[in-house]
Protein chains: 2
Amino acid sequence: MSKDIKNIFHKQGLKFTPQRRAVLKVLQDTQAYLSINRIHTKVKELLPGTGLATVYRSLETLVELELAVKVHLEDGCHSYTLAPEGHRHPIVCTDCSRVIEYTECPIQDISKKLSKKTGVLIKTHFLQLFGKCEECRN
Amino acid sequence: MSKDIKNIFHKQGLKFTPQRRAVLKVLQDTQAYLSINRIHTKVKELLPGTGLATVYRSLETLVELELAVKVHLEDGCHSYTLAPEGHRHPIVCTDCSRVIEYTECPIQDISKKLSKKTGVLIKTHFLQLFGKCEECRN
DNA sequence: GTTGGTGCAAACGCTTTGCATCCAT
DNA sequence: ATGGATGCAAAGCGTTTGCACCAAC
């Protein structure tokens, strides 16, 4: 499993460094979108001394390798999370930032209809849902 | 019509200045999402000497008055467009940045079902569609 | 006349880059 | 051993802010 990921790096001529490993582990251990600074803080717990620039560069690499995705949250901050498998949409809890991935895509069903109606050939879409998760609802 | 908009400003104790008028006119005259810089360029054509900071401040005001909306395009740039009437979703042409507003919301139909399935009480959502419009398709 | 708005420049915060050093391969 | 990766500090860029002046009301 970790071997597989190692290979993904090596196939691209990239090194599987402790820093990149730490960034990936932080994303894997969290069910939420994390800002760069929160990622940096958590990475430093695993690997003290890691620089902020390295976190930026590691995240960029992870996105290129399609191991992570970058998104814009409502407030405009850039955040990252593990790349979902297949086509999914995130449901973000507005209180705790937890993310629940939603796999049934309602857009695919309607995109042909939409193309006919609007004249635009729909190619991609960006859908995020926001709400309160069970724990935060009380 | 321009009177109505003037009143929206005055009700909030805000002035309807030439600069704000110009920013609004630029948005009204364009069927696309515009970056701050493009807005600034176009505003200066109407009103030379207008500062960039004023464009920022005007756009912020227009968003507060719900006359404009701010969005993130795919590349992460902040862009603005006239506020749509009611609940709509934009379909952005990836070639020419033209925007077609789509009024039927497919999310509302499924949000109750979604809440039951995921345990998250869906409150808002963000949906943007991307594709090629008729003119850019050839 | 009063009060909010503008223009300019400086400040700010997030992100990227240059470079010497380091280390995974 | 060697080329990619890191850490640091400086630079870059979009955005915000402070302040004196100006203009809408």
Side-chain angles (χ1 to χ4, degrees), chain A residues 2-26 33-41 43-65 67-68 70-80, chain B residues 2-26 33-41 43-65 67-68 70-80:
Chain A
S2 181
K3 273 278 165 55
D4 296 344
I5 291 177
K6 200 172 177 175
N7 280 334
I8 293 173
F9 280 84
H10 290 174
K11 269 180 200 158
Q12 307 293 323
L14 300 170
K15 292 174 180 169
F16 195 40
T17 63
Q19 290 84 350
R20 287 172 175 171
R21 222 179 287 243
V23 171
L24 191 55
K25 178 148 182 50
V26 166
Y33 283 57
L34 295 174
S35 69
I36 305 263
N37 281 333
R38 285 186 65 190
I39 293 170
H40 187 210
T41 304
V43 165
K44 279 191 292 187
E45 287 169 14
L46 296 174
L47 204 69
T50 304
L52 181 56
T54 297
V55 173
Y56 274 98
R57 287 184 284 220
S58 298
L59 287 168
E60 198 180 309
T61 303
L62 291 176
V63 171
E64 274 165 24
L65 295 177
L67 294 170
K70 180 179 186 176
V71 297
H72 301 283
L73 293 191
E74 279 189 322
D75 58 4
C77 281
H78 292 166
S79 295
Y80 290 82
Chain B
S2 180
K3 272 280 165 56
D4 295 344
I5 291 176
K6 200 171 176 176
N7 279 335
I8 294 174
F9 280 84
H10 289 176
K11 269 179 201 159
Q12 306 293 322
L14 299 170
K15 290 171 182 170
F16 195 40
T17 63
Q19 290 86 347
R20 288 171 175 171
R21 222 179 287 241
V23 171
L24 191 56
K25 178 148 183 52
V26 165
Y33 283 57
L34 295 174
S35 69
I36 305 263
N37 281 332
R38 285 186 64 189
I39 292 170
H40 187 209
T41 304
V43 165
K44 280 192 293 189
E45 288 168 14
L46 296 174
L47 205 68
T50 304
L52 181 56
T54 297
V55 173
Y56 275 98
R57 287 183 285 222
S58 297
L59 287 167
E60 198 180 309
T61 303
L62 291 176
V63 170
E64 273 165 25
L65 296 177
L67 294 171
K70 180 180 185 175
V71 297
H72 301 284
L73 292 191
E74 279 189 322
D75 60 1
C77 281
H78 293 165
S79 294
Y80 289 82

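This is a predicted model, so every value here is computed, not measured. Order of the sequence lines sets the chain letters (A, B, ...), proteins ahead of strands, with each chain counted from 1.
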Undergrad: Please check the phosphate of C/dG7 (OP1 and OP2 only) for any side-chain N or O of B/Q19 closer than 4.0 Å.
TA: yes
Undergrad: When the nearest nucleotide of DNA chain C is assigned to B/T61 and to A/A53 on a heavy-atom basis, which residue is associated with the more 5' position?
TA: B/T61
Undergrad: Rounded to the nearest 0.5 Å, what separation is found between the CG atom of A/L24 and the OG atom of A/S58?
TA: 10.0 Å
Undergrad: Does the A/H40 side chain pair with the main chain of A/Y56, one donor and one acceptor, at a distance under 3.5 Å?
TA: no
Undergrad: Let me know the distance between CZ of A/F9 and P of C/dA24, rounded to the nearest Å.
TA: 14 Å
Undergrad: Answer with base, sugar-phosphate or nothing: what part of the nucleic acid does B/R57 contact at a heavy-atom distance below 4.0 Å?
TA: base
Undergrad: In whole angstrom, what separates B/H40's NE2 from D/dG14's P?
TA: 13 Å
Undergrad: How many whole angstroms separate atom CZ of A/F16 from atom P of D/dA5?
TA: 13 Å
Undergrad: Between B/I36 and B/T17, which residue's closest nucleotide on DNA chain D lies nearer the 5′ terminus?
TA: B/I36
Undergrad: Which value, rounded to the nearest 0.5 Å, describes the distance between B/T41 atom OG1 and B/L46 atom CG?
TA: 11.5 Å
Undergrad: Out of C/dG5, C/dT6, C/dA24, which has the shortest distance to the side chain of A/P18?
TA: C/dA24
Undergrad: Enter the distance from A/L67:CG to A/E64:CD here, rounded to the nearest 0.5 Å.
TA: 11.0 Å
Undergrad: Can you tell me how far the CG atom of B/L65 sits from the CD atom of B/Q12, to the nearest 0.5 Å?
TA: 6.0 Å
Undergrad: From CG of A/L62 over to P of D/dA5, roughly how many Å is that when rounded to an integer?
TA: 12 Å
Undergrad: Which residue, B/E60 or A/S58, contacts DNA chain D at a nucleotide closer to its 5' end, judged by nearest heavy atom?
TA: A/S58
Undergrad: What is the distance, to the nearest angstrom, from the CD atom on B/Q12 to the P atom on D/dC25?
TA: 15 Å
Undergrad: Roughly how many Å is it from CZ in A/R20 to C1' in C/dC23, rounded to a whole number?
TA: 12 Å
Undergrad: In this structure, how many angstroms lie between the C1' atom of C/dG4 and the NZ atom of B/K15, rounded?
TA: 4 Å
Undergrad: For D/dT15, does OP1 or OP2 lie under 4.0 Å from any side-chain N or O of B/Y56?
TA: yes
Undergrad: Just how far, in rounded Å, is P of D/dG4 from NE2 of A/H10?
TA: 13 Å
